[in-house]
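Below is one structure, written out as structure tokens; the observations come after it.
Values below: every heavy atom of this structure, side chains too, minus hydrogens, waters and symmetry copies. Fair warning: this is a prediction, and the values are worked out from it, not measured in the lab. Chain identifiers are assigned alphabetically (A, B, ...) following the order of the sequence lines, protein sequences preceding nucleic acid strands; residue numbering begins at 1 within each chain.
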2 protein chains.
Amino acid sequence: MSNAKVLPLLEPELVEPCCPPLTERPLTADEADRTAKMFKALGDPVRLRLFSAVASHEGGEACVCDISDVGVSQPTVSHHLKKLKEAGLLSSERRGTWVYYRVEPSVLAAMGQLLTKAAAA
Amino acid sequence: MSNAKVLPLLEPELVEPCCPPLTERPLTADEADRTAKMFKALGDPVRLRLFSAVASHEGGEACVCDISDVGVSQPTVSHHLKKLKEAGLLSSERRGTWVYYRVEPSVLAAMGQLLTKAAAA
DNA sequence: CGTCTATGTTGACACACGTCGAATCAACAG
DNA sequence: CTGTTGATTCGACGTGTGTCAACATAGACG
């Protein structure tokens with residue numbers, strides 16, 4: 001692969017207010033496709049534990065070494081963290097030896113509002 | 001099957017406040033397992049569209065025939081509705097010729113609070 | 001440089017999942 | 001009772017997903 005600068009198109013999908021309220025009108029295929037990706041990311045027990053571990057850690061960020069005790073091998077932990085990052089729920093940053101993962105509060109808020117608004121209707 | 005009254009144990013799992021806030025503490029394996037089931041149910045585009053169609057329908061209930069236009073075959077629609085029902089997000093009732101599905105507001109509210117509380121922390 | 005620890009990546013495997021066609025069941029019309 | 005329409009169940013198929021062992025990469029520390 002070339003080492004040249006990649007196109008800006010390659011950056012992760014923007015964390016837009018992607019979530020039309022569930023009770024307002026039936027979701028379109030495209031809306032459902034985007035929204036389902038996030039729910040799917042949280043639809044695995046191991047990922048949910050990892051995400052909760054990061055979210056409940058001090059400052060909403062945690063080193064991988066602090067949250068790797070979820071009963072699966074280390075490569076599997078890395079795999080799930082990658083999935084969560086691809087879904088836009090986590091972001092990672094390398095600081096020296098360790099890699100830290102942080103939660104993406106805006107995405108969580110959007111998902112929460114999507115459900116609470118739905119429940120309130 | 002017998003027509004006698006079934007034991008109360010057979011009723012669907014109670015809609016308890018099953019959701020410890022995501023940022024309070026890391027979820028246990030059991031908590032994550034239960035919570036992930038609900039997110040997983042919403043993690044499929046077709047199911048999300050079906051759920052949204054029911055939730056946005058008048059009175060929060062809809063006949064299957066009204067929401068079957070999601071681009072998949074009718075058996076597949078039935079399959080997904082069953083999944084949503086098993087996850088506790090929908091309930092079904094037969095009225096004459098048609099079967100109506102309704103949303104379970106309390107479950108939605110619990111999931112929403114789980115996320116919004118997480119985002120607020 | 002070499003080595004050690006911490007993460008991420010690859011390849012492979014078993015299993016779960018979404019999908020459909022065909023068969024089946026449920027209610028209604030004749 | 002027979003036929004028709006709505007809805008679920010069954011059986012099968014292809015794909016996706018979670019998991020691991022093995023290997024590769026990135027810093028840190030002598």
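Considering only residues two or more places apart in sequence or on other chains, B:Arg25 meets the side chain to side chain contact (heavy atoms under 4.5 Å, CB included) condition with none of them. Residues satisfying the side-chain hydrogen bond (donor to acceptor under 3.5 Å, both in side chains) criterion with A:Ser92, sequence neighbours excluded, are A:Lys85.
Counting all heavy atoms, side chain and backbone alike, A:Pro45 lies closest to B:Ala36 at N-CB, 3.6 Å. When all heavy atoms of B:Leu27 and B:Glu31 are compared, the pair lying nearest together is CA-OE1, 3.5 Å. Among all heavy-atom pairs drawn from B:Leu90 and B:Leu81, the shortest one is CD1-CD2, 4.0 Å. B:Val54 and B:Tyr101 make their closest contact through CG1-O, 3.3 Å (heavy atoms, listed as atom of the first residue, atom of the second, distance).
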Heteroatom pairs (N/O) under 3.5 angstrom, protein to nucleotides 18-24 of chain D:
| unit_1 | atom_1 | unit_2 | atom_2 | d |
| --- | --- | --- | --- | --- |
| D:dG18 | OP1 | A:Arg47 | NH1 | 3.1 |
| D:dG18 | OP1 | A:Arg47 | NH2 | 2.6 |
| D:dG18 | OP2 | A:Arg47 | NH1 | 3.4 |
| D:dG18 | OP2 | A:Lys83 | NZ | 2.9 |
| D:dT19 | OP2 | A:His80 | NE2 | 2.4 |
| D:dC20 | OP2 | A:Ser73 | N | 2.7 |
| D:dC20 | OP2 | A:Ser73 | OG | 2.9 |
| D:dC20 | OP2 | A:Thr76 | OG1 | 2.8 |

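For the OP1/OP2 pair of D:dT8 and a distance below 4.0 Å, the side-chain nitrogens and oxygens of B:Ser78 include at least one atom meeting the criterion.
The nucleotide range of DNA chain C contacted by chain A, defined by atoms under 4.0 angstrom from heavy atoms of the protein and reported 5' to 3', is C:dA6 to C:dT9.
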Between side-chain atoms of residues 60-72 of chain A and protein atoms elsewhere (two or more places apart, or another chain), which donor-acceptor pairs fall under 3.5 Å?
| unit_1 | atom_1 | unit_2 | atom_2 | d |
| --- | --- | --- | --- | --- |
| A:Glu61 | OE1 | A:Arg102 | NE | 3.3 |
| A:Glu61 | OE2 | A:Arg95 | NH2 | 2.4 |
| A:Ser68 | OG | A:Val64 | O | 2.6 |

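Looking at heavy-atom distances under 4.0 Å, B:Tyr101 makes contact with sugar-phosphate atoms alone, never a base.
For residues 48-59 of chain A, there are no side chain to side chain donor-acceptor pair (under 3.5 Å) pairs, not counting sequence neighbours.
In this structure, B:Phe39 atom CZ and D:dT17 atom C1' are separated by 19 Å, rounded to whole Å. For the pair B:Glu93 CD and D:dT8 P, the computed distance is 13 Å after rounding to whole Å.
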